[in-house]
Structure formats: structure tokens, C-alpha cells
Amino acid sequence: MTIAIVHDDLMRRGGAEQVVLSMLKAFPQADLYTMCYRPNLTYEEFKNYKIKTSYFQPLARNEKFMKWLFFPFGLMAMKMLKLKEYDVVLISTTYCAKYIKIHPSSKVYIYTYTPFRLAWNSTSYKEYNKSTGLLRRMFNYVIKKLQVIDRNEAQKGNVFIAMTNETAQRIRDAYGIQNIHILYPPVKCYNFNINNSTEKKYFLLVSRLEFYKKVDLAIEAFNQLGLPLVIVGNGSKKKELMAMSNSNIEFKTGLSTVELANLYSNCKAFIFPQYEDYGITALEANASGRPVIAFGKGGVLETMINYNYHNEKATSIFFYEQNKQDLIKAILKLMQIKFDSQFIRSHALKFDEGIFVEKLKEILSS
């Protein structure tokens with residue numbers, strides 16, 4: 001069986017890129033296509049694969065340029081990128097991977113993290129929310145165009161795979177697709193371990209530093225509490241977030257797998273303030289035996305066990321209003337609870353990469 005894997009872009013170190021690496025473990029002989037690829041911006045393991053990019057590659061010098069020029073140049077480039085004849089095309093996408101030209105004989109599987117966020121959930125962008133007048137009208141024009149394009153391109157999929165039940169409903173709403181497989185993204189549990197030998201002094205947040213990730217909410221809470229918080233990640237809002245942080249908040253980036261694992265295993269708890277479609281970082285914290293303080297909506301409802309006076313059967317504490325006061329209450333509550341690290345890790349193992357690889361092979365062989 002000849003197979004191609006297509007991913008939107010390889011310009012960042014995120015959960016979707018980790019999923020692609022797991023797809024390549026399932027199908028190591030697959031050809032890999034993407035709109036643009038910068039080795040220094042994403043995971044080093046991609047250097048082990050031959051990657052074919054679109055005509056947009058020279059323009060996408062970094063993630064900011066890629067986003068600015070995507071409409072229309074990146075979109076057009078992806079539509080011009082043509083796959084040869086493959087038995088199977090596995091598309092990993094939030095936005096543009098499904099725009100690629102595919103031979104009619106290929107069977108197309110579309111693994112969707114969420115429908116194109118700008119087209120179907122524009123209010124998750126700070127720039128859209130702040131726009132007025134002519135700029136807002138321009139935004140709305142682009143969004144309507146993107147919705148038409150995105151919905152039409154989605155129809156080329158023979159089989160849809162969603163990462164959660166919530167994502168599946170979003171696919172139904174956006175694309176009108178009804179029959180959808182659910183396959184949770186993989187957690188590489190072998191990269192993480194429990195460390196009970198040191199006192200846990202700091203809280204941890206690992207995230208892309210973008211508006212919809214709500215890192216600012218965590219900063220506001222820890223500014224008030226004065227407790228130590230370590231933030232790991234990069235993104236367009238990094239300077240803005242650093243400027244609003246007090247001295248008890250430390251930013252880190254460019255960490256090795258071992259360095260990140262050590263941060264996870266030695267934190268008091270993991271902070272997850274965003275409304276997320278899945279939330280692989282929260283499960284990575286669980287794989288390290290650490291509890292999660294999470295906004296109680298979205299993917300965490302499927303992946304976390306909320307504390308309900310039975311700490312031996314819990315992996316997290318939820319807060320339900322996305323504001324500083326509710327997050328602070330959850331932090332203070334967690335500090336009074338003793339969690340079972342072994343139980344937390346055993347729960348994370350249910351989402352291990354090996355399970356993902358086997359289930360993906362099963363879906364693609366059916």
C-alpha cells in the first residue's frame with residue numbers, strides 16, 4: 001500500500017506536529033507533504049523524513065509571515081500542490097492540508113483537530129474581536145470566502161477522523177459530515193515519568209503563546225497569588241505576556257525532551273486555562289503523575305477525571321468560569337489535596353502513542 005501523509009504546515013512545535021510524527025511511526029514509508037517547512041521551528045525528528053513543500057515555501061520565512069500571506073498566496077500554493085497516485089492519502093489538518101490536489105483513485109482519510117479556526121471560530125482571534133468598520137468588513141469578506149472553500153474541499157474526504165467527540169460535532173456543523181471515527185491524539189508516555197523525590201514548588205504551563213490559549217488569565221492569577229509559575233512556549237503574544245508578568249513568573253523556550261519532562265515531573269500542578277479541542281499537554285502532565293487545573297469545557301471532559309472528594313480517583317480540578325477569581329479558587333483548592341501520582345499516570349497510559357498507532361492502522365485498513 002502506497003501512502004502519503006499531508007499536514008498543514010511544519011512551522012511550530014505543537015500537538016498536531018506530534019501527531020504527525022506518530023502517524024509516521026505507523027507508516028514509516030509514507031511520503032510527507034506540507035505547505036511549508038522550517039526545520040528550526042519544529043521538531044528535530046522531521047529531519048529524518050523527505051518532506052515535499054508547496055510553492056509557498058520561499059515566502060514563509062517564519063510563522064508570522066506564513067499567517068500574513070496565507071490568504072491568498074498560501075491557499076493558492078496548496079491548491080497547486082499535486083500528489084501522485086497513492087492508494088491512501090492521510091490528511092492531518094486544521095486548515096489547508098485538505099486543499100491539496102489528490103488523484104481520484106486515492107482513498108482519502110482526513111484527521112481533523114478542529115475545522116479551520118479563522119473560518120469557523122473567528123472570535124477566538126483577538127485581531128478579529130478588536131476590528132471595526134472597514135477592517136471588520138474585510139475580515140468578514142475573507143471569512144465567508146474561506147468557509148465556502150473549506151467546506152467544499154472537505155468533501156473530498158472518504159473517511160473523517162476526529163480527535164474528540166466535540167471535534168466530531170464541529171465537523172458535522174461546518175462540513176455536514178455525519179459518519180466520523182474518534183481517535184484521541186497520542187501521548188508519548190515513555191518520555192515522562194513520576195518523580196516523588198523532590199518538593200514541588202512551582203506550577204507549570206506549556207502552551208503556544210496565542211490569544212485563544214488564555215495564558216494571560218494564568219498570568220493575572222499568579223500575579224495576584226505571588227506563587228511561582230513556569231511558562232514554556234513561544235508565539236506571537238510572547239512579548240505582550242512577558243510584559244504583564246511579575247517576577248514570580250518565568251518563561252522558557254527551546255527545551256529538550258528531557259528538560260521538559262523534568263519540568264513536568266517536578267511541578268506542583270499543571271495549569272490549563274484554555275477552551276481546548278483536546279489538550280495533549282494536560283495528558284503529558286498526567287503521564288508525569290501531576291494533577292491538572294483545567295477550564296472545565298472542551299476536550300478535558302473526555303480526557304480528565306475531575307476531583308469530587310475522591311482524590312484517589314482524580315487527575316484534575318476544574319474551574320468553570322474563565323476568569324481570574326475562579327482560577328485562583330481552583331489553585332488554592334488543589335494545594336489542600338493530596339493526589340495519587342500512580343493513579344494519574346495509569347490514567348494517562350490509556351492515551352499512549354502505541355494505542356493511537358494500532359487504532360490508526362485499523363481504521364486505514366478497513
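Since the model is a prediction, treat every value here as computed from it, not as a measurement.
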Query raised in the report: Is it true that the NZ or CZ of Lys268 lies under 6.0 Å from the centre of Phe270's six-membered ring and within 45 degrees of the ring axis?
Result: no
Report summary line: Pro228 meets the side chain to side chain contact (heavy atoms under 4.5 Å, CB included) criterion, sequence neighbours left out, with Tyr202
Query raised in the report: Who pairs with Lys156 by side chain to side chain contact (heavy atoms under 4.5 Å, CB included), at least two apart in sequence or on another chain?
Result: Ile102, Glu153
Requested in this report: Using the test side chain to side chain contact (heavy atoms under 4.5 Å, CB included), find all partners of Ser365 that sit at least two apart in sequence or belong to another chain.
Outcome: none
Report task. Please work out which of the three classes, parallel, tilted or perpendicular, describes the rings of Phe70 and Phe116, given edges at 30° and 60°. Result -> perpendicular
Query raised in the report: What residues form a ring-ring contact (aromatic ring centres under 6.0 Å, His included) with Phe192, not counting sequence neighbours?
Result: Tyr264
**Report entry** Pairs meeting criterion salt bridge (charged side-chain N to carboxylate O under 4.0 Å, His left out) with involvement of residues 249-267, two or more places apart
**Finding:** Glu250-Lys252
Requested in this report: Could you pull out all residues at least two apart from Tyr278 that satisfy ring-ring contact (aromatic ring centres under 6.0 Å, His included)?
Outcome: none
Query raised in the report: Under the side chain to side chain contact (heavy atoms under 4.5 Å, CB included) test, which residues partner Gln325, sequence neighbours left out?
Result: Asn323
Requested in this report: Could you note down all residue pairs passing salt bridge (charged side-chain N to carboxylate O under 4.0 Å, His left out) where residues 316-326 supplies at least one of them, sequence neighbours left out?
Outcome: none
Report task. Answer yes or no: does atom CE of Met138 have more than 12 heavy-atom neighbours from other residues, nucleotides or ligands under 6.0 Å? Result -> no
Report task. Report yes or no: is the cationic atom of Arg136 (NZ for Lys, CZ for Arg) under 6.0 Å from the centre of the six-membered ring of Tyr128, at an angle within 45° of the ring normal? Result -> yes
Report task. Kindly write out the residues that satisfy ring-ring contact (aromatic ring centres under 6.0 Å, His included) with Phe56, not counting sequence neighbours, or none if the list is empty. Result -> none
Query raised in the report: Does Thr114 have any side-chain hydrogen bond (donor to acceptor under 3.5 Å, both in side chains) partners at least two apart in sequence or in another chain, and if so, which?
Result: Arg170
Query raised in the report: Among all residues two or more places apart in sequence or in another chain, which pass the ring-ring contact (aromatic ring centres under 6.0 Å, His included) test with Tyr113?
Result: Tyr111
What pairs of donor and acceptor atoms, side-chain ones from residues 61-68 against any protein atom, are under 3.5 angstrom apart with sequence neighbours left out?
unit_1, atom_1, unit_2, atom_2, d
Asn62, OD1, Lys64, N, 3.1
Asn62, OD1, Phe65, N, 2.8
Glu63, OE1, Arg208, NH2, 3.4
Glu63, OE2, Arg12, NH1, 3.2
Glu63, OE2, Lys67, NZ, 3.4
Glu63, OE2, Arg208, NH2, 2.2

Query - Whether Lys98 side chain and Tyr95 backbone form a donor-acceptor pair below 3.5 Å - result: yes
